[in-house]
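Okay, so here's the structure we're looking at.
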Amino acid sequence: METNYLLPNKYKKLGWVLFGLGLLGGVYIYATGLTDEFLKVKVLSVYDNQLFGDPSFFKIVENGIFDELVSVFIIVGGFLVGFTKEKIEDEFIYKLRKDSLVWALIVNYSILLVAILFVYDLTFLHILFFNMFTTLVFFVVRFTVLKTKYLNNEE
């Protein structure tokens, strides 16, 4: 099966490392309530709107970048895990990938719909934050589980 959008298999290990580190970092941030004081460096801000200041564009600000690194690791790692070719990429693996992606979208937006209807205030903002990652996490988990079951049954 010709799939032009998949990366070579050699990136899968890097993807698992980044994805795992990102998830561990995310759990650490959530569990400890880590503030922006960690890994504080000067970065370019495209738009800066401080609470009591004037908004500005393209400004150098000092910011803790640990949460941004964790987010980048989850997203890049998840994409590398989910969208790299398998060693044997056949029609069934293609179908598992497609079905897993559709399932992840349905589950993710079902959860978001329930949250829109029944969760409010700051808790809803937390759910929106997690929602940035859950489609990718659901997809990777579902695809990996189905693929592992398929490969174990084939042996």
Side-chain angles (χ1 to χ4, degrees), residues 1-36 38-39 41 43-48 57-58 63-155:
M1 170 122 271
E2 185 64 32
T3 49
N4 295 332
Y5 61 88
L6 296 178
L7 297 168
N9 181 266
K10 66 182 178 181
Y11 295 112
K12 191 169 289 282
K13 288 180 184 175
L14 173 64
W16 277 115
V17 170
L18 292 175
F19 192 61
L21 288 173
L23 290 176
L24 287 173
V27 169
Y28 179 76
I29 289 172
Y30 190 72
T32 63
L34 185 69
T35 63
D36 280 347
F38 191 58
L39 284 177
V41 296
V43 293
L44 174 67
S45 172
V46 175
Y47 179 73
D48 187 39
F57 293 92
F58 300 103
N63 184 47
I65 61 167
F66 185 67
D67 53 343
E68 284 85 359
L69 288 174
V70 165
S71 298
V72 167
F73 280 16
I74 292 172
I75 293 169
V76 172
F79 267 98
L80 289 175
V81 169
F83 297 103
T84 53
K85 291 180 183 175
E86 297 300 316
K87 289 184 181 178
I88 301 173
E89 187 74 31
D90 59 6
E91 285 84 10
F92 190 71
I93 295 293
Y94 174 80
K95 181 182 178 336
L96 287 181
R97 183 179 277 113
K98 179 186 64 82
D99 291 349
S100 298
L101 188 56
V102 170
W103 180 88
L105 284 168
I106 291 169
V107 169
N108 188 66
Y109 282 100
S110 298
I111 292 170
L112 183 59
L113 184 60
V114 170
I116 289 169
L117 295 173
F118 299 111
V119 180
Y120 307 100
D121 299 326
L122 193 57
T123 306
F124 182 72
L125 191 61
H126 288 149
I127 289 173
L128 284 180
F129 174 74
F130 287 121
N131 192 255
M132 290 191 307
F133 307 107
T134 50
T135 302
L136 193 53
V137 171
F138 290 159
F139 165 63
V140 167
V141 169
R142 171 94 172 165
F143 177 59
T144 303
V145 167
L146 291 178
K147 181 183 67 175
T148 303
K149 276 185 183 179
Y150 166 69
L151 293 175
N152 288 341
N153 287 338
E154 195 174 74
E155 292 174 355

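Just so we're clear, the structure is a prediction, and the values are computed from it rather than from any experiment. Start at 1 with the first residue, then count along the sequence.
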[X] atom [atom1], neighbour heavy-atom count above 12 within 6.0 Å:
| X | atom1 | value |
| --- | --- | --- |
| Phe118 | CZ | no |
| Leu117 | CG | yes |
| Tyr109 | OH | no |

As an exercise, state the distance from [atom1] of [X] to [atom2] of [Y], rounded to the nearest 0.5 Å.
| X | Y | atom1 | atom2 | result |
| --- | --- | --- | --- | --- |
| Phe79 | Leu18 | CZ | CG | 13.5 Å |
| Ile74 | Leu136 | CD1 | CG | 9.0 Å |
| Ile106 | Leu101 | CD1 | CG | 10.0 Å |
| Phe19 | Leu14 | CZ | CG | 13.5 Å |
| Glu91 | Lys98 | CD | NZ | 13.0 Å |
| Thr134 | Leu105 | OG1 | CG | 10.0 Å |

Is [Y] close to [X] at the side-chain level, that is, under 4.5 Å between some pair of heavy atoms?
| X | Y | answer |
| --- | --- | --- |
| Ser45 | Asn63 | no |
| Glu68 | Val43 | no |
| Ile93 | Phe143 | yes |

Quiz: residues 126-133 side-chain donor-acceptor pairs under 3.5 angstrom, not counting sequence neighbours:
| residue | atom | partner | partner atom | Å |
| --- | --- | --- | --- | --- |
| Asn131 | ND2 | Asn108 | OD1 | 3.2 |

Can you list the residues that meet the ring pair (Phe, Tyr, Trp, His ring centres under 6.0 Å) rule with [X], with sequence neighbours excluded?
| X | answer |
| --- | --- |
| Phe138 | none |
| Tyr11 | none |
| Phe58 | none |
| Tyr120 | none |

Exercise. For residues 15-33, which residue pairs qualify under side-chain hydrogen bond (donor to acceptor under 3.5 Å, both in side chains), counting only residues two or more places apart or in two chains?
Worked result: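 Applying side-chain hydrogen bond (donor to acceptor under 3.5 Å, both in side chains) to every pair that reaches into residues 15-33, excluding sequence neighbours, yields nothing.
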Once side chain to side chain donor-acceptor pair (under 3.5 Å) is applied, do any residues pair with [X], and if so which ones, sequence neighbours excluded?
| X | value |
| --- | --- |
| Ser71 | none |
| Lys149 | none |
| Lys147 | Glu86 |
| Asn9 | none |

Exercise. Does the Lys12 side chain pair with the main chain of Val81, one donor and one acceptor, at a distance under 3.5 Å?
Worked result: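 Indeed, once roles are kept as given, a pair shorter than 3.5 Å links the two residues.
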For this session: List for me each residue that meets salt bridge (Lys or Arg N to Asp or Glu O under 4.0 Å) alongside Lys95, sequence neighbours excluded, and say none if there are none.
Result: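 Expected list: Asp99.
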Exercise. Pairs in or reaching into residues 100-123: which pass salt bridge (Lys or Arg N to Asp or Glu O under 4.0 Å), with residues at least two apart or in two chains?
Worked result: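 Residue pairs with at least one partner in residues 100-123: there are none.
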For this session: Kindly indicate, with the supporting measurements, whether the criterion side chain to side chain contact (heavy atoms under 4.5 Å, CB included) is fulfilled by Val70 and Ile29.
Result: CA-CA 9 Å; Val70 165; Ile29 289 172; 4.0 Å; yes
For this session: Anything under 30° is parallel, anything over 60° is perpendicular, the rest tilted; go ahead and classify Phe83 against Tyr5.
Result: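 Geometry flag for Tyr5 against Phe83: perpendicular rings.
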Problem set entry | Closest contact, heavy atoms only, Leu146 versus Ser100 |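 For Leu146 versus Ser100, the nearest heavy atoms are CD1-OG, 3.8 Å.
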